[in-house]
Every structure is written in C-alpha cells, then in structure tokens.
Colleague: 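Quick one: structure below, then a few questions.
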Amino acid sequence: MALCSSTSLELKNPFIEGTKGKIATSKSFLRVGYVAKKEKSCCCNGRKVAVSSHLMPGHLEGSFMGKKRLEEPSQKMDFVRTLLIDNYDSYTYNIYQELSVVNGVPPVVIRNDEWTWEDACHYLYEKRAFDNIVISPGPGSPTCPADIGICLRLLLECRDIPILGVCLGHQALGYVNGARIVHASEPVHGRLSEIEHNGSRLFDNIPSGRKSGFKVVRYHSLIIDSEALPKELIPTAWTSSSTHSFLESPNSGLNPDACKNQIRPSTSFDTFSTGSHNGASWSFSHPGRMQGGKVLMGIMHSTRPHYGLQFHPESIATCHGRQIFENFREITEDYWQRLRPRSTFINERKVHYTACMQVHVASQLFRVPRIGSLVHKEDAQPFKEAFRRSQVLGNASVNCLSISSALKFPESSINVRHLKLKWRKFDKLAARVGGARNIFNELFGACKAENTFWLDSSSVEKKRARFSFMGGKDGPLWRQMTFRLSDQSDVDFKGGGYLSIKDAQGSTKSMFLEKGFLDFLNQELLSFTYDEEDFEELPFDFHGGYIGYFGYSLKVECGMLSNRHKSTTPDACFFFADNFVVIDHLNDNVYILSLHEENTTSIPWLDGMENKLLCLKASATRKLGEQASPTATVSPYKAGFLGEKSREQYIKDVSKCLEYIKDGESYELCLTSQMRKTVGQIDSLGLYLHLREKNPAPYAAWLNFSNEDLCICCSSPERFLRLDRNGILEAKPIKGTIARGVTLEEDEELKLKLQYSEKDQAENLMIVDLLRNDLGRVCEPGSVHVPHLMEVESYATVHTMVSTIRGKKRSNVSAVDCVRAAFPGGSMTGAPKLRSMELLDSLESSSRGIYSGSIGFFSYNQTFDLNIVIRTIVIHDGEASIGAGGAIVALSNPEDEYDEMLLKTRAPASAVIEFQ
C-alpha cells in the first residue's frame, strides 16, 4: 500500500485492519499553519490532506530533543505542569479536572491542530513550560491525520518527556511504533470490564484480576492488535472479552462499590535506569506476552516514558482512576528527579508564565473548531475542513495576559442600569384560589394569552421541582427579543444573525449581531447592577430578566461550524419579564414581583396584581383544557401526524449510526425525527392546559410569542442546566426510557428492567461523562461531582433513567459562558459532541428547530434554569410539530429504536387528538 509521503521510508502495517479488510490509510498527520518542503496529498476517508515526509520512523534517531532537557539537575516537584492535547473529545475536561487536583495546577489544554510543531518545540523545550503530556481520547482513528493532529509527532519526537495516551492517544502510541489498529470484536461504549495488569508503576496500589475491584469504563471500537505487537511496546494491562453494566442485577454477585475497598500493594516493573545519559533508556522486567483471547488495555514503551490506556480512567464509573493519574505524576517526578536534576530556581519552573498560559487558554474556551470528515459520504454534503482561526484564535503565539484584562467584561450595547426589585408574599394562597392553572388562566389567559409565559412545575412530587413563574406584557421594561441566524451553508458560514427587539410601547429596533445572540445576551446581563438585599429573602432564583428559548441551531455559537438545515422558527426568542407571579408549590405560597429602574417612584402593578389575586376564587367547574375522561395514549400516526421519515428510512439511519460507531466516529448518536400535523387556528392555551394535566412534568413550559404566530406547549421532564445564586451548576440528563405498565406488578417489572438494562446504563453513563466534561470547562477544579447516578424516575406515561451532575462555577466565567460550554444538551447530541452533531446533521432531513433546544430563564443577577425541549408540541403558522428520537449505541437494535422514538411522541400526540 502506498504511503502518504514522498519519502522512501516504509512503515510497518500502515493501515487499520478490521475483521473484513482495510478501512483507512496514512501514518502522518495534518498540521495547521505549517507546510513541509516535501509533502504530498493523500486521501483519508475520501478527503485530501497535506502530510509531511519528515515524520516517519527513523527521523527520530537524529532528533535533538533527547539532549535539551538534561542540562540541569533538581529536586522533588511541588506541582506538575501538564500539556493536555484535546483530540476534539467530549471527555477531555474530565481529564483536566483530575489533573488539576492531582498535579496541584491545572493543565494547559490545546487542540490537536492548534499548535504547529514549532510552537510545541518552543514551549516544551525552549521555555520548558511542561513536565509531561497527556493525549486525550477522541473520535476516529490514529491513522487519519485530521483525527490525531500533532499527537503522532509528539509521540515520535518527544522521547524524553513522559507521555500518557488515553484511548485514541493509546492507539496513537501503538501506531507510531508499528502496531496495527484493528476493529475490536465488538464496539464497547459505556460498559465496564475487569482489568488485569502486570504491576507496572502506572498501576501502583491498584488491584488486578477478576473480582479484584478494578473495573474500568471503555469507549472504543478500535484496538491495538495484540497478536502483532512490536518489540518496542510492552503490554501492561488486558481484559477478557466480557463486559458488565455499572449496576448489575441483584443476583449477579458483582458490587459496583468493590473498587473502594480492595487494593493491594503492587510491584513496579518499569524502574528507571540510572546509567542513562540521555533519558531515553529504561530498565524493566518483561512481563511476557498476553494470553490468547485477551483484549489489550494498556501498553508502555520499552525505552521511553510513554504509556497508553485503552480504557478511560477519568470516567465517573472507573475504579481507581485518580490513582492512575497520581501514579503518572509520580512517574513524572521520579523521571525528572533522576534524569534531569535542577536547581531550586529552575524547580519553580516559571510559575507566572504558566499562569499566563492558563489565562490565555481559558479565554479560548469557546473557540470554533475545525470540522472532521464523515466516514459515510454517499448522501452527506461535504463539511468544511478549515475553520476561522484568524477570527477566533488570533495570533498563534501565547501572550502573557494580565488577570485584569482577562476578567474584563465586554461593553454592553445598552447603558449600565441599576435595577431594583419589590415583591410581596401571600402565605398559603395558591390552593385557595384554584392553584397554578387557575391563577394563570384568570390573570393571563385573556386574549388567547398573547405574549405570555409560564415556566410550569406541574409535576412537583418527590421534590423534582418547586416553583412556577408566570407573566405577560405588563411592565415598562418589558420587551421581546427575536433572533434568526444569518443564511448559512456548509461551504461558508460567517456567523452572526439578525435581532429584532420590540418594547412595551410597540416600537421595534433591528440590528445585525456579528458575534451572535449569546454574546449579545451575555452583554445585556452583565450590564445590570443590583442590590443583593432586594432578593436575599426569596427562596427562588428568578427575580426578573429574560424568559424564552434557544433553538437547537444555536449550536453554531457553541462550537459547531455550520447548520445543514435552516429552522422555520426563530433560533432564539425571549421576553424581558419585569412584572410576574411566582408560586411555591411546596409551601402553597404566592409571590408577586416587580423589577424597575432605580429612579422609579411608584409601582402600581403590585397593588393591582394583589387585588386581582385576592379576588380570585377556586373554580368548582372544569376549566379550559380539562377533559372529563382522558383516553389512553395513541400512536402519532393515528393522531393524524405525518412523519418526515418512513419507518424503513429511520431504521436505515439507525443502521448508519451503528456503522459510524463501529468505525470509531462516535460513541453514541442521538438520532431524532419530526412529526407534523396541520391544526389551523387551534386554541393553543387550551391544548397546553390539557397536556399539563395529561402529562405533568417538572420542567414544563408555555410560551406564546404572538408576533411570530408561535406557541410552545412543553411537558419536559429534563433539566438541561441550572446556575443558582451560590454559583452551583447542576445538570440532570435523561437517558433510558421505558413505557409504564398496565398493572402495578407489570409497572414494577418494567421499572427494574430499565434500571438493570446494560444498554440504557451505557447510554446514561456516556452522557453523564459528557456533562461532567461540559461542567468541567467552567467549574472549579475538583468541584464536579455526581450525587445521583442512574436513578429511575416515573412519570405519567414512562419511566426514565436520570442522573445529576453538579459543580462550582469559576468566578471568572459568566452565566452565558456556562451555557455556551454545554449547549446543546449532551442527551440530545451524543458523544463526542462535535463529531456526533456533524454526523447527525448529515442524517437528519430537517432542522430540529426548537426541539432539542432549551426553555427557561436568565435572571438579571446571573442565575438561570433551562430545560431540554422534549415531549413538546410546537405550534407555528397553523402547524403542530413534535420531535422525538433516541440514543443509538453499539447495543442498539434498529427496530427497537424506532419503537422508542414513537413511544416518546405518544403523550403530546394524544393530547392534540383528544383536544381537537
């Protein structure tokens, strides 16, 4: 097979072999910003890339890198500085969080195409800014240049720097040393295996073998071929082909907590050779080759401080993951202590310089990435390779930014305003006046409830939610913001969009937002000042501000380069709510709040609303939207909805997802579809009131944007993200759904079936790790945790598997920054998020619109609470649409996935047919 190079050097096995043949070629890599003198074009998965000829094995022997780090001796490190290479993965910041705790200082994160080789040499050797390197997981294969970037050359050239490769990084370590990358016997994603190891230093104080308690999470479909392992590589860990779910059935005999109490001392097999003069030679006791039938889970280089792990030590469900990172720190410390002693001054290692790099990298947190290729291209439009580096990254050099400039907030498009809040509380009033439904209907239901909102905690059992917020076009500060992304294509998307702002007096202002809606919203929120004593006695976190939604297409402001489809509804729409009502469902209290500017003298709205509330009477008759006898849920097709895809096409798309997963392009793909029905001039509020009674949910919502002829009837059970006044971020993803049973016995059986389903647990675990990553980008190191993992919650028509992730927001990031780091919700994309969204865009035939986006509030004091838009009816221009889908994983069955998608449409579709 020809190589992608003009060199005459030959490589061992320069291809991936699967069970049925070769699937990719190339052993070089793509470097943005640098063109070698000798290079050719090659094709990786049907795409041309430039590769450099001087990267081939053999060039390393003449490298100067082995000499430059041996000049001064030293002592034990107070902290370890890691360069973390991000291969566009959705778990990289889980590694970041672990390293921040273990190393004593956060690592510097760069993406694999962000630095040229000259940049890397400058920081690694001239500035000596790092002590070790960690190469992250990622989609794709190490044989594809665009998937692995600079990582191959780091592994080839940096023989004198400790390197740890995880998953894709592990495969890259094997690949550059001549190992074959092959398909595993089956893809394993979000499932656990028991690990046996050889006692090498990376596994110090970690047990080994079956039932030892050392179970790890795996996310991979490719592996290093252990049958043809080059002599340079030593196997250090392996597993059998069997896998486990995180929660085993009660009679399995396996304990998910076993890792907490079974640790044995281990013998180190990779000790340093004190006779080395260049740091490249290690002595070790060879553990021997693996037994047949084992899957390789760890390797180390025989003469370099390079390690690889096929599994994910950073996963929430991996036992002893932190111990592995601690061991790698100790390996790094011992390596430099024995092979590069240094003076006390050098031991400080330019702390100020490293801190400046941290500030710089943090400022690049939301840069737009390059977009990788698609494996299957027969029906997918080509995606753009390059991305707008000059617009987002600016100068490639790392400048030393001052803390003050890093924390400087952008100027707002409006003047800074000091807002004051007045409020009144009415104890035990809600039930006496008919509850939330009657309060909304009587106070805001007139005139078809035009320009009204209701964030409706209609399901409050088990303390899933507590407060409801409702209001309309009532105050002088009220306004509506409507945003539409500019026309875009896969060929060139310059970003930005058009914003229209209508105020309470009826005047409209339009503008083009070059930096997009999220940047504008961020500036608006940062322009408000306030007095905390105004709301410190309130038990809820919305005190006035923006209420509305983000559509799924706003993903282009959160990392994606483009949208393949354009939404027919606005991409974002928000009211600024200054006067509103709050219901405390726990204590049955009602609050009325009015937000005003500091110079306002009187607030008549409070007096008027108090009078209206006290005059309300609980209704003894059925109100709008209530039906005397709810019927069983029906198929959306029986309700008159038309699917945009046939059953056959949806099943075919699921099969394509499984091919992507098999080839390593994704771990999980959340495929969706839309169903539509013409409804004409339907009573939208009545429909919503019926839906909330039929399918109550903790994160339900009603939004009526009358000017857009747009009503949203949402019965979502899922929280996307919340930020409270204490700076705590919380996500509650749902993955895993099953229908309720007809009898109590059947219902309990179905609940247990969901709880112990290996497939559903794998789905949930993958998204939990993804959300930990997203929160890890903006939270304090060590603060991200999972208080509730894979708990089953029951609703009117389904049981769902829910997890909770929390973390403490860093002080230098804003509320909108937190949303940008995590949007769209990982439960609606899959993982890795960016690559998965690319693939889904190629499969789905229309825009998701509001579905898969988020509804909620942004308070003027920078708190927010947002849901995931699922189980929702969107009524726009006389048409009702319902979106639904499911997570496709390696264990998925295409027919079952189609049935699950239909199940999720039943409650909203039935509400439509029953109400009409």
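Note that these values count all heavy atoms, side chains included, but never hydrogens, waters or copies made by symmetry.
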Colleague: Kindly say whether Asn773 contributes a backbone atom to a donor-acceptor pair with the side chain of Asn94 at under 3.5 angstrom?
Modeller: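 Answer holds: yes.
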
Colleague: Without hydrogens or angle criteria, can the side chains of Arg848 and Ser553 be said to hold a donor-acceptor pair below 3.5 Å?
Modeller: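 No, Ser553 and Arg848 have no side-chain donor paired with an acceptor closer than 3.5 Å.
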
Colleague: Output the distance between atom CD (Gln755) and atom CE (Met790), rounded to the nearest 0.5 Å.
Modeller: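 The CD atom of Gln755 sits 9.0 Å away from the CE atom of Met790.
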
Colleague: Closer than 3.5 angstrom, by distance alone: can the side chain of Ser892 be matched with the main-chain N or O of Val889 as a donor-acceptor pair?
Modeller: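 Side chain of Ser892 to backbone of Val889, a donor-acceptor pair under 3.5 Å: yes, one is there.
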
Colleague: Can you tell which of Asp147, Asp841, Asp89 makes a salt bridge (charged side-chain N to carboxylate O under 4.0 Å, His left out) with Arg835?
Modeller: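 Considering Asp147, Asp841, Asp89, a salt bridge (charged side-chain N to carboxylate O under 4.0 Å, His left out) with Arg835 is found only for Asp147.
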
Colleague: Have Thr672 and Glu844 got a donor and an acceptor in their side chains that come within less than 3.5 Å?
Modeller: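 Result is yes, a qualifying pair exists.
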
Colleague: Looking at every heavy atom in both Pro894 and Leu658, which two are closest together, and how far apart are they?
Modeller: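 Taking Pro894 first and Leu658 second, the nearest heavy atoms are CG-CD1, 4.2 Å.
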
Colleague: Indicate yes or no: at least one non-hydrogen side-chain atom of Ile870 is less than 4.5 angstrom from one of Glu718.
Modeller: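 A side-chain contact exists here, since the closest heavy-atom pair is under 4.5 Å.
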
Colleague: As an exercise, state the distance from NE2 of His312 to CG of Leu192, rounded to the nearest 0.5 Å.
Modeller: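 Answer for the NE2-CG pair, His312 versus Leu192, is 12.0 Å.
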
Colleague: With a 3.5 Å distance limit and no angle check, can you tell me whether Lys833 reaches the backbone of Gly559 through a side-chain donor-acceptor pair?
Modeller: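 No, Lys833 side chain to Gly559 backbone: no donor-acceptor pair under 3.5 Å.
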
Colleague: For the pair Asp769 (side chain) and Ile316 (backbone), establish whether a donor and an acceptor sit closer than 3.5 Å, ignoring hydrogens and angles.
Modeller: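 Yes; judged by distance alone, with no hydrogens or angles, the pair exists.
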
Colleague: Does the Asp663 side chain pair with the main chain of Glu665, one donor and one acceptor, at a distance under 3.5 Å?
Modeller: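 Side chain of Asp663 to backbone of Glu665, a donor-acceptor pair under 3.5 Å: no, none is there.
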
Colleague: Looking only at side-chain N and O atoms, does Arg218 offer a donor or acceptor that is under 3.5 Å from a partner on Ser193?
Modeller: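 Yes.
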
Colleague: One pair to check against side chain to side chain contact (heavy atoms under 4.5 Å, CB included): Tyr93 and Ile95. What are the steps and the verdict?
Modeller: CA-CA 5 Å; Tyr93 277 86; Ile95 297 176; over 6 Å; no

Colleague: Hey, is Asp724 close enough to Lys809 for a salt bridge, meaning N to O under 4.0 Å?
Modeller: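 Between Lys809 and Asp724 there is no salt bridge, as every charged N stays at least 4.0 Å from the carboxylate O atoms.
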
Colleague: Can Phe325 and Leu99 be said to form a side chain to side chain contact (heavy atoms under 4.5 Å, CB included), step by step?
Modeller: CA-CA 7 Å; Phe325 290 114; Leu99 292 174; 3.8 Å; yes

Colleague: Salt-bridged, Lys759 to Glu897, with N to O below 4.0 Å?
Modeller: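 Looking at Lys759 and Glu897, the cut-off is met.
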
Colleague: Would Ser803 and Asn764 count as having a side-chain donor-acceptor pair, cut-off 3.5 Å?
Modeller: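 Looking only at side-chain atoms, Asn764 and Ser803 do form a donor-acceptor pair, the distance falling under 3.5 Å.
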
Colleague: If you take all heavy atoms of Ala701 and Leu455, which pair is closest and at what distance?
Modeller: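 Nearest heavy atoms, Ala701 then Leu455: CB-CD2, 4.1 Å.
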
Colleague: Looking at Met675 and Gly643, what are the two nearest heavy atoms and their distance?
Modeller: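 Taking Met675 first and Gly643 second, the nearest heavy atoms are CG-CA, 4.0 Å.
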
Colleague: How many angstroms lie between atom CD1 of Ile734 and atom CD1 of Ile868, to the nearest 0.5 angstrom?
Modeller: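 Nearest 0.5 Å value for the CD1-CD1 distance: 9.0 Å.
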
Colleague: Show your working on side chain to side chain contact (heavy atoms under 4.5 Å, CB included) between Val134 and Ile85 and close with a plain yes or no.
Modeller: CA-CA 6 Å; Val134 175; Ile85 310 296; over 6 Å; no

Colleague: Side chains of Tyr795 and Glu793: is there a donor and an acceptor less than 3.5 Å apart?
Modeller: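 A donor-acceptor contact under 3.5 Å links the two side chains.
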
Colleague: Is it the case that Ser757 and Glu763 place a side-chain donor and acceptor less than 3.5 Å from each other?
Modeller: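 Glu763 and Ser757 do not have a side-chain donor-acceptor pair below 3.5 Å.
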
Colleague: Distance-only, no hydrogens or angles: does the Thr318 side chain make a donor-acceptor pair with backbone N or O of Val216 under 3.5 Å?
Modeller: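 Side chain of Thr318 to backbone of Val216: no pair is present.
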
Colleague: If we count only N and O atoms by modelled type, under 3.5 Å, do the side chains of Asn695 and Ser715 hold a donor and an acceptor together?
Modeller: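 Side-chain D/A pair, Asn695 to Ser715: present.
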
Colleague: CG of Leu723 to CG of Asp817: how many Å apart, nearest 0.5 Å?
Modeller: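 Result: 11.0 Å between the selected atoms.
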
Colleague: Could you tell me which non-hydrogen atom of Thr804 sits nearest to which non-hydrogen atom of Lys732, and how far apart they are?
Modeller: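 Minimum heavy-atom contact is OG1-CE, 3.6 Å.
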
Colleague: Quick one: closest heavy-atom pair of Gln761 and Leu247, and the distance?
Modeller: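 Minimum heavy-atom contact is OE1-N, 2.6 Å.
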
Colleague: Measure the CD1-SG distance between Ile206 and Cys319 for me, rounded to the nearest 0.5 Å.
Modeller: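 Reported to 0.5 Å precision, the distance equals 10.0 Å.
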
Colleague: Would you check if the side chain of Asp86 reaches a backbone N or O of Arg111 as a donor-acceptor pair within less than 3.5 Å?
Modeller: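 No, the answer is negative, given that no donor and acceptor are paired below the 3.5 Å cut-off.
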
Colleague: Could you walk me through whether Arg191 and His244 pass the side chain to side chain contact (heavy atoms under 4.5 Å, CB included) test, one step at a time?
Modeller: CA-CA 6 Å; Arg191 294 149 70 192; His244 307 280; over 6 Å; no

Colleague: Check Lys904 with Glu900, please: is the shortest side-chain N to carboxylate O separation under 4.0 Å?
Modeller: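 Salt bridge between Glu900 and Lys904, a charged N being under 4.0 Å from a carboxylate O: yes.
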
Colleague: Is it the case that His565 and Ser846 place a side-chain donor and acceptor less than 3.5 Å from each other?
Modeller: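 No, no side-chain donor-acceptor pair sits under 3.5 Å.
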
Colleague: Under the criterion side chain to side chain donor-acceptor pair (under 3.5 Å), I'd like the reasoning laid out for Gln310 against Gln171: C-alpha separation, chi angles, the key distance, then a yes or no.
Modeller: CA-CA 7 Å; Gln310 180 62 77; Gln171 295 168 11; 3.3 Å; yes

Colleague: With a 6.0 Å cut-off on ring centres, are Tyr219 and Tyr91 close enough?
Modeller: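 Distance test on ring centres: under 6.0 Å, yes.
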
Colleague: Measuring from Tyr552:OH to Phe823:CZ, what's the distance to the nearest 0.5 Å?
Modeller: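 Reported to 0.5 Å precision, the distance equals 8.5 Å.
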
Colleague: Is there a salt bridge (charged side-chain N to carboxylate O under 4.0 Å, His left out) between Asp760 and Lys735? Walk through the geometry before answering.
Modeller: CA-CA 7 Å; Asp760 291 303; Lys735 268 290 163 268; over 6 Å; no

Colleague: Using atom types as modelled and distance alone, determine if a side-chain donor or acceptor of Ser842 lies under 3.5 Å from a backbone N or O of Leu839.
Modeller: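 A pair under 3.5 Å: yes.
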
Colleague: Do Glu196 and Thr239 have a side chain donor and acceptor closer than 3.5 Å?
Modeller: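 No donor-acceptor contact under 3.5 Å links the two side chains.
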
Colleague: For the residue pair Asn112 / Asn87, report whether a side-chain donor-acceptor contact shorter than 3.5 Å exists.
Modeller: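 Note: Asn87 and Asn112 side chains meet the donor-acceptor criterion.
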
Colleague: Which heavy atom in Ala731 sits nearest to a heavy atom in Leu771, and how many Å separate them?
Modeller: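 Between these two residues, the closest heavy atoms are CB-CD1, 3.6 Å.
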
Colleague: Does a side-chain N-to-carboxylate-O contact under 4.0 Å join Lys211 and Glu194?
Modeller: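 Between Glu194 and Lys211 there is no salt bridge, as every charged N stays at least 4.0 Å from the carboxylate O atoms.
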
Colleague: Would you say Asn867's side chain and Tyr699's backbone share a donor-acceptor pair under 3.5 angstrom?
Modeller: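 Yes, because the side chain of Asn867 sits within donor-acceptor range (under 3.5 Å) of the backbone of Tyr699.
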
Colleague: Just do the side chain to side chain donor-acceptor pair (under 3.5 Å) check on Ser666 and Ser836 with the steps written out, would you?
Modeller: CA-CA 6 Å; Ser666 178; Ser836 296; 2.9 Å; yes

Colleague: Here's one to test your reading of the geometry: is the NZ or CZ of Arg777 within 45 degrees of the ring axis of Tyr96 and under 6.0 Å from its centre?
Modeller: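 No, Arg777 does not lie over the aromatic ring of Tyr96.
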
Colleague: Using a 4.5 Å cut-off on heavy atoms from C-beta on, say whether the side chain of Arg722 contacts that of Phe864.
Modeller: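 Sidechains of Arg722 and Phe864: no contact.
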
Colleague: Assess the side chains of Thr800 and Thr737: does a donor N or O sit below 3.5 Å from an acceptor N or O?
Modeller: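 Not at all, the side chains of Thr800 and Thr737 share no donor-acceptor pair under 3.5 Å.
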
Colleague: Is the shortest heavy-atom distance from the side chain of Met828 to the side chain of Met837 under 4.5 Å?
Modeller: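 The answer is no; the side chains never approach within 4.5 Å.
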
Colleague: Any side-chain donor-acceptor pair under 3.5 Å between Gln649 and Asp653?
Modeller: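 Yes.
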
Colleague: Looking at residues at least two apart in the chain, or sitting in another chain, which of them share a side chain to side chain contact (heavy atoms under 4.5 Å, CB included) with Ala172?
Modeller: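 Expected list: Pro142, Ile148, Leu152, Leu155.
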
Colleague: Using the rule side chain to side chain contact (heavy atoms under 4.5 Å, CB included), only one of Leu840, Asn893, Leu671, Leu843 pairs with Ile888; which is it?
Modeller: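 Testing each of Leu840, Asn893, Leu671, Leu843 against Ile888, the sole residue satisfying side chain to side chain contact (heavy atoms under 4.5 Å, CB included) is Leu671.
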
Colleague: Say whether, by atom type as modelled, one donor and one acceptor occur between the side chain of Arg772 and the main chain of Glu314 under 3.5 angstrom.
Modeller: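 Side chain of Arg772 to backbone of Glu314, a donor-acceptor pair under 3.5 Å: yes, one is there.
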
Colleague: State, with a plain yes or no, whether a side-chain heavy atom of Thr872 is found less than 4.5 Å away from one of Ile850.
Modeller: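 SC-SC contact between Thr872 and Ile850 ruled out.
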
